[in-house]
Amino acid sequence: MGDQDLPGVLVSGFEGPSGICKDHVRELQKYFNLITVQDLLENKTQVGPKIQAVYIWNRKPAIDQELLQSLPALKIVANAGAGLDHLDLKLIASFGVKVANTPQAVSSPTADMGMALLLAAARRVVEGHQLATSPDTKNFSTNWLGQEVTGSTLGIIGMGSIGYKVAQRARAFEMNILYHNRKRRKSEEEEAVGATYCERLDDLLQRSDFVMLAMSLTPQTQRLIGRRELRLMKPTAILVNIGRGLLVDQDALVEALQTGVIGAAALDVSYPEPLPRDHPLLKLKNVTLTPHIGSATHQARWQMMENLIGSILASLNGLPIPNEVLLK
């Protein structure tokens, strides 16, 4: 069977930061005729009707009404990752198109990243590395101190699959775990990780030594953590964000970090990404930043690709779609 006989799948491209993973191309081509956005733009009339699925990698290609109108045979939008804030689900559904994502593939590595950031910020790992490698360092001070993780209190905001896996890891550090979620977990799930539910977000913020954001970005959660919420936190508290940058009022965070309202922040996400090179967050010693790499492992990315293949094939064959995203 040649490429032209395989189902057409739209991808962003094969090159650049938004291109699909090069290591995945050969595997994808076993099942699909991969058509790039550039191919579509050059010949919409001929190419558009061949495309039955859109394969979104690194939030590309962007899905808008014009694109949907140009793809009359489209059955599914398959999105790598768990976050869906870049997709207009109602618009896509209005064209009779399904959506699937890959939440299981990202939950463990993102939880690992959350703990890595928590530990790095608590023990000032980045600052320590800079001190240890600086040509100006003459000695190590015994009074150069970080914060203890063992026995401290972790407040998790968002107790979905990622937040719950964070709790599993935190329990191994003998942390006291609080959580705030739209829905309370089952009692047996709470007991399994030793987590205590906080119905009021304020209670969690006031009691936690570490606050970790592991939730989706929605209109309701945008800037959930602002100036008021930061002032409720302990002056020694560390904010960790592995969700989305817009969960936090970034200007308020900069002010809180500069004035000692909270102790530090560890962020895998920001807005925009990357930050402008003159942004104040890049100049603060009490900030640890990583480039949105929560799910960036070889294993997770391969699983994401396999999950997307499975969802697309199920859709094209009229079967139940694994990880289908349903409108609420």
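Reckoned from all heavy atoms, side chains included, excluding hydrogens, waters and symmetry mates.
Contacts of Lys44 classified as salt bridge (charged side-chain N to carboxylate O under 4.0 Å, His left out), with partners at least two apart in sequence or in another chain: Glu66. Shown here are the side chain to side chain donor-acceptor pair (under 3.5 Å) partners of Lys234, two or more places apart in sequence or in another chain: Asp209.
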Subject >> Candidate pair Met215 and Leu224, rule side-chain contact (heavy atoms from CB on, under 4.5 Å), full reasoning >> reply: CA-CA 10 Å; Met215 64 202 314; Leu224 180 73; 3.6 Å; yes
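Side chain of Arg185 to main chain of Met159: a donor-acceptor pair is present (N/O by atom type, distance under 3.5 Å, no hydrogens or angles).
For the pairing with Ile312, the side chain to side chain contact (heavy atoms under 4.5 Å, CB included) check across Val77, Ile76, Asn317, Asn307 returns one residue only, Ile76.
No side-chain donor from either of Asp203 and His180 sits under 3.5 Å from a side-chain acceptor of the other. At a cut-off of 3.5 Å, with distance as the only test, a side-chain donor of Gln38 or Glu42 sits close to an acceptor on the other residue.
Taking the charged nitrogens against the carboxylate oxygens, Lys22 and Glu15 do have a contact shorter than 4.0 Å, which makes a salt bridge. Using a 4.0 Å cut-off between charged nitrogen and carboxylate oxygen, Glu27 and Lys30 count as a salt-bridge pair.
Under the 4.5 Å side-chain criterion, counting only non-hydrogen atoms from C-beta, Ser216 is not in contact with Leu84. Looking at Tyr271 and Arg244, their side chains never come closer than 4.5 Å, going by heavy atoms from C-beta outward.
Side-chain heavy atoms closer than 4.5 Å link hydrophobic residues (I, L, V, M, F, W, Y) into clusters, and following such links, possibly through other members, connects Leu246 to Val211.
Distance check: Lys50 NZ to Leu40 CG gives 11.5 Å after rounding to the nearest 0.5 Å.
More than 12 heavy-atom neighbours from other residues, nucleotides or ligands sit within 6.0 angstrom of NE2 on His86.
The shortest non-hydrogen separation linking Val149 to Ala122 is CG2-CB, 3.7 Å.
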